[in-house]
Amino acid sequence: EKITVSIIKADVGGLPGHVLVPDEIIEVAKQSLEEAKQSGDIIDYRVLNAGDDLDLIMTHREGVDSTKIHRIAWETFEKATEKAKELKLYGAGQDLLADAFSGNVRGMGPGVAEMEFTERESEPVLAFLMDKTEPGAFNLPIFRMFADPFNTAGLVIDPSMHNGFVFEIWDIYESKRVFMKTPEEIYDILALIGGKSRFVIKRVYPKEGKLPADEPVAVISTEKLYKIAGEYVGKDDPVALVRAQSGLPAVGEVIEAFAFPHLVSGWMRGSHNGPIMPVPFRYSKCTRFDGPPRVIAAGFQLANGKLVGPVDLFDDPAFDYTRQKAMEVAEYMRRHGPFEPHRLPSEDMEYTTLPGVLKKLKERFEDV
Ligand code: F6R
Ligand code: MG
Ligand code: MG
């Protein structure tokens with residue numbers, strides 16, 4: 001029997017500013033999802049936060065893109081927004097860009113990562129939740145998990161992984177997608193996904209073999225908030241789900257992909273490059289210069305759709321070195337102040353103040 005795991009997330013208000021989601025909001029969301037669980041609409045749920053983003057993790061039998069499930073998420077965000085307004089949290093309801101629900105949360109502001117699959121005899125599922133960055137931040141770690149033998153020993157050692165995987169890559173500017181195979185196409189894949197603001201990994205599928213080739217093993221939220229809203233309303237802090245073990249990367253191989261705090265765009269005002277720092281749940285808040293960008297990892301086992309866990313996977317001294325490195329890189333990048341490559345390149349600034357500045361100076365520019 002097939003189970004669907006859905007993460008639907010939105011920023012409905014921060015305490016203070018864009019730092020984190022307070023407990024009061026988490027409570028409202030839990031209550032709302034508990035009702036959905038009691039009425040049998042969902043099997044199970046967990047509510048977590050990545051900085052100022054409220055993440056609803058739900059399991060159910062409704063498949064992906066289900067109106068019923070998306071409505072539960074939307075209504076939960078509405079209730080959370082009510083509470084956020086009462087507390088006068090910062091940016092209350094900021095990611096709810098539509099006035100009314102119309103069948104699917106996609107295009108309405110929230111981010112979505114969901115996949116339907118046949119639950120295996122034992123099914124480890126990992127949720128990665130990021131704040132102050134964009135979907136392309138997952139390109140590097142997802143590539144490393146599923147395609148880089150220097151990260152994932154199983155690609156070399158495990159016969160059932162040796163054939164590689166299929167990557168579904170989206171061009172989020174043109175709303176197009178392409179399916180590409182590893183290992184035979186990795187150079188072409190890297191040519192695309194190295195441009196992480198445009199090309200993003202949406203899903204990974206197994207090749208024909210031990211696991212059904214039409215059931216994804218990883219999925220990433222790829223909503224582009226500023227495209228939806230028409231003006232900048234914050235980065236679309238992404239989430240991902242990754243299945244592990246038995247013919248897939250081991251839990252430790254999945255997590256290993258985050259041991260390098262690579263540079264991502266986002267951070268202060270969504271306009272800066274900075275390192276992504278893997279942190280325990282308790283540090284899922286953004287402080288220094290509204291950051292640095294962070295990721296938390298929640299590890300689950302599924303039991304007939306029930307969620308066992310989470311285990312706070314980055315709550316481990318094994319990641320202290322990565323965090324230390326992230327802090328060194330954060331300090332180094334910060335010293336550049338308003339200069340690139342700390343500040344994003346001009347193309348990526350077109351939704352912020354740069355067009356206004358250029359317009360103001362238009363008359364004063366003369367030919368040279
Ligand atoms: C980045 C982010 C924050 C805000 C910044 C300014 O994703 O959410 O860095 O961009 O705090 O926020 P406003 O314009 O709301 O004062
Ligand atoms: Mg916010
Ligand atoms: Mg956020």
Side-chain angles (χ1 to χ4, degrees), residues 7-22 24-26 29 47-56 73 77 80-81 83-85 87-97 105 108-113 127-138 196-197 220-240 263-279 281 283-296 330 333-334 337-338 342-344 348-357:
I7 309 182
I8 306 186
K9 46 108 357 200
D11 178 344
V12 297
L15 171 73
H18 296 281
V19 173
L20 58 65
V21 180
E24 291 93 323
I25 299 293
I26 303 266
V47 178
L48 291 170
N49 77 294
D52 61 0
D53 290 276
L54 179 62
D55 295 280
L56 313 178
F77 292 139
T81 296
K83 187 71 180 175
K85 286 187 170 153
L87 299 172
K88 292 188 69 177
L89 294 184
Y90 192 73
Q94 78 165 46
D95 282 355
L96 304 192
L97 303 175
V105 297
M108 298 175 76
V112 185
F128 293 94
L129 316 174
M130 290 182 174
D131 190 30
K132 304 296 185 278
T133 185
E134 61 178 9
F138 274 110
K196 61 187 171 34
S197 63
I220 297 94
S221 66
T222 51
E223 281 60 36
K224 260 295 187 199
L225 268 189
Y226 64 71
K227 291 259 167 193
I228 297 165
E231 64 180 75
Y232 185 82
V233 292
K235 279 265 185 287
D236 31 357
D237 311 321
V239 295
L263 290 173
V264 299
S265 53
W267 207 348
M268 175 57 75
R269 298 175 187 277
S271 304
H272 293 82
N273 283 309
I276 182 110
M277 185 160 73
V279 293
F281 297 171
Y283 291 134
S284 187
K285 55 185 173 185
C286 287
T287 56
R288 184 177 181 188
F289 203 51
D290 284 0
R294 288 168 206 224
V295 57
I296 60 167
M333 295 302 281
R334 276 304 299 131
H342 183 27
R343 198 205 73 182
L344 296 188
D348 293 342
M349 298 285 290
E350 71 184 277
Y351 293 92
T352 58
T353 47
L354 192 65
V357 173

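Just so it is clear, the model here is predicted, and its values are computed rather than measured. Just so you know, ligand 1 is whichever comes first in the structure, and atom 1 is the first atom listed for that ligand.
A heavy-atom distance below 4.5 Å is found between the side chains of Asp237 and Asp52. When side chains are defined from C-beta on, Leu15 does not count as touching Glu24, because their heavy atoms never get closer than 4.5 Å. Residues Arg294 and Lys132 have side chains not in contact (no heavy-atom distance under 4.5 Å, counting atoms from C-beta outward). For the pair Asp131/His18, no side-chain contact is recorded, criterion being any heavy-atom separation below 4.5 Å from C-beta on. Contact of the Asp53 side chain with the Val21 side chain is not registered, since no non-hydrogen atoms from C-beta on lie closer than 4.5 Å. Contact annotation: the side chain of Leu20 never approaches that of Ser284 to less than 4.5 Å [non-hydrogen atoms, C-beta and beyond].
Contact between Gly17 and ligand 1 is absent, with no heavy atom of the residue lying under 4.0 Å from the ligand. Taking 4.0 Å as the cut-off, Phe289 does not count as a neighbour of ligand 1 on heavy-atom distance.
When non-hydrogen atoms are compared, ligand 1 lies under 4.0 Å from the backbone of Met268 as well as from its side chain. Residue contacts with ligand 1, taken as heavy atom pairs separated by less than 4.0 Å, involve Trp267 solely via the backbone atoms N, CA, C and O.
Residue Asp290 holds the heavy atom nearest to atom 3 (C) of ligand 1 of all those in Asp52, Asp131, Thr133, Asp290.
In summary, of the residues considered (Leu129, Leu56, Leu48), a side chain to side chain contact (heavy atoms under 4.5 Å, CB included) with Ile7 occurs for Leu129 alone.
The nearest N/O/S atom of Asp11 to the Mg ion (ligand 2) is OD2. When you scan the N, O or S atoms of His18 for the one nearest the Mg ion (ligand 2), you land on ND1. Of all N, O or S atoms in Asp237, the one lying closest to the Mg ion (ligand 3) is OD2.
Contact record, Ala10 with Phe77: N-CZ, 3.6 Å, taken as the closest heavy-atom pair.
Residue Gly270 approaches ligand 1 through these ligand atoms, each under 4.0 Å from one of its heavy atoms: 1 (C).
Rounding to 10°, one obtains 90° for the angle at the Mg ion (ligand 3) between OD1 (Asp131) and OD1 (Asp52).
At a cut-off of 2.8 Å, Asp53 is not counted among the residues with an N, O or S atom near the Mg ion (ligand 2).
Checking only distances, Lys132 never comes within under 3.5 Å of ligand 1, N or O to N or O.
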